[in-house]
Number of protein chains: 2
Amino acid sequence: MNNVFKALADPTRRKVLELLRQRPMSAGELSEHFPVSRPTMSAHFAVLREADLIESNKIGTTILYQLKLSVLEDALLSFSQLFGIGAVERAATKPAGNGQPRKQPRRS
Amino acid sequence: MNNVFKALADPTRRKVLELLRQRPMSAGELSEHFPVSRPTMSAHFAVLREADLIESNKIGTTILYQLKLSVLEDALLSFSQLFGIGAVERAATKPAGNGQPRKQPRRS
DNA sequence: CTTTTATTTAGATATTTAGCTAAATATCAT
DNA sequence: ATGATATTTAGCTAAATATCTAAATAAAAG
């Protein structure tokens, strides 16, 4: 949780997460959106990975990053609840199929 | 918004906000909850004030800090919405009367 | 007016962070 | 094997942050 908030403290990293919300992207593609060097972006990815907010998939020579929405959600939810701010509703199974399913198979 | 996330990045500051959620507290009272010096706490308060997450009310020699819940809420809400995480429901007018209303400090 | 209490400001230091360039690694194509 | 491409690791600097002690400010109490 602390790592999540640390990760969210930087605007570049928040923007990366936003970009990844739309679809998985390679490190290079993500980097194109920012005016900083690739190594710098790589460091940002490492922080996000450390916070477990993204996961990576090596495909040949490129690395595809993917948002772990449920982790972001859980952090936001539990923090909000501390304040009674309440009900960040549970991920409503994202439409485009880029959700973050890997969790408990939801006991109905 | 950036300032809010910067402020939330530190566990001491998050805890301060949690404490203030219950009731307004003086700088000194808040400080007692942490193993750091008063000046250090004062600096944390400054960051929180900078982010507009708390407001201060000087009463004689002590300074009462108060949580600005709506600001925290707004930040969390708008960020959540970027991800379609959804509905941090609007502050349901806190029960105990420690909401955010008091804009007028006793102008005597 | 002097002292006490509450808090902040100043000044110093140590740690962390964001950024860079250059080099290493890994994969793919020739 | 060589070269090209994608990304990370290493090593560095500059700036930001967290912390401390000592001093300053402000109000209250004597």
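Labels below follow one simple rule: chain letters A, B, ... track the order of the sequence lines, proteins then strands, and each chain is numbered from 1. Nothing here was measured: the structure is a model prediction, and the numbers come from that model.
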Notebook entry, point to check: Does the ring centre of B:F5 sit less than 6.0 Å away from the ring centre of A:F5?
Noted result: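 Between B:F5 and A:F5, which both carry aromatic rings, the centre distance is not below 6.0 Å.
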
Separation of atom [atom1] in [X] from atom [atom2] in [N], rounded to whole Å:
| X | N | atom1 | atom2 | answer |
| --- | --- | --- | --- | --- |
| A:I63 | D:dT5 | CD1 | C1' | 13 Å |
| A:R38 | C:dA22 | CZ | P | 16 Å |
| B:F34 | D:dC20 | CZ | P | 13 Å |
| A:N2 | D:dT17 | CG | P | 16 Å |
| B:L48 | C:dT7 | CG | P | 16 Å |
| B:M41 | C:dA6 | CE | C1' | 14 Å |
| A:I59 | D:dT5 | CD1 | C1' | 16 Å |
| B:N57 | C:dT7 | CG | C1' | 15 Å |

Please check: side-chain N/O of [X] versus main-chain N/O of [Y], any donor-acceptor pairing under 3.5 Å?
| X | Y | value |
| --- | --- | --- |
| A:S78 | A:D74 | yes |
| A:R49 | A:E55 | no |
| A:R13 | A:K6 | yes |

Next item on the list: Answer yes or no: is there an ion pair linking A:R23 with A:E29, defined by an N-O contact shorter than 4.0 Å?
Entry: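 Yes.
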
Notebook entry, point to check: Quick one: what's the B/S/- string for nucleotides 9-18 of chain C, heavy-atom cutoff under 4.0 Å, read 5' to 3'?
Noted result: B--------S

Next item on the list: Assign each of A:T61 and B:Y65 to its nearest nucleotide of DNA chain C by heavy atoms, then name whichever residue's nucleotide is nearer the 5' end.
Entry: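 By nearest-heavy-atom nucleotide position, the 5'-most residue is B:Y65.
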
Check: Which of the following nucleotides, C:dT7, D:dA27, D:dC20, is nearest to the side chain of B:S26?
Finding: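 Closest nucleotide among those given: C:dT7.
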
Margin query: For residues A:V4 and A:Y65: do they belong to one hydrophobic cluster (side chain heavy atoms under 4.5 Å, members Ile, Leu, Val, Met, Phe, Trp, Tyr)?
Written below: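 In one cluster with A:V4: A:Y65, yes.
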
Next item on the list: Using the test side-chain contact (heavy atoms from CB on, under 4.5 Å), find all partners of B:E50 that sit at least two apart in sequence or belong to another chain.
Entry: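 Only B:N3 meet the side-chain contact (heavy atoms from CB on, under 4.5 Å) criterion with B:E50.
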
Note to self: Please classify the nucleic acid contact of B:S37 as base, sugar-phosphate, or nothing, using heavy-atom distances under 4.0 Å.
What the structure shows: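 B:S37: base contact, heavy atoms under 4.0 Å.
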
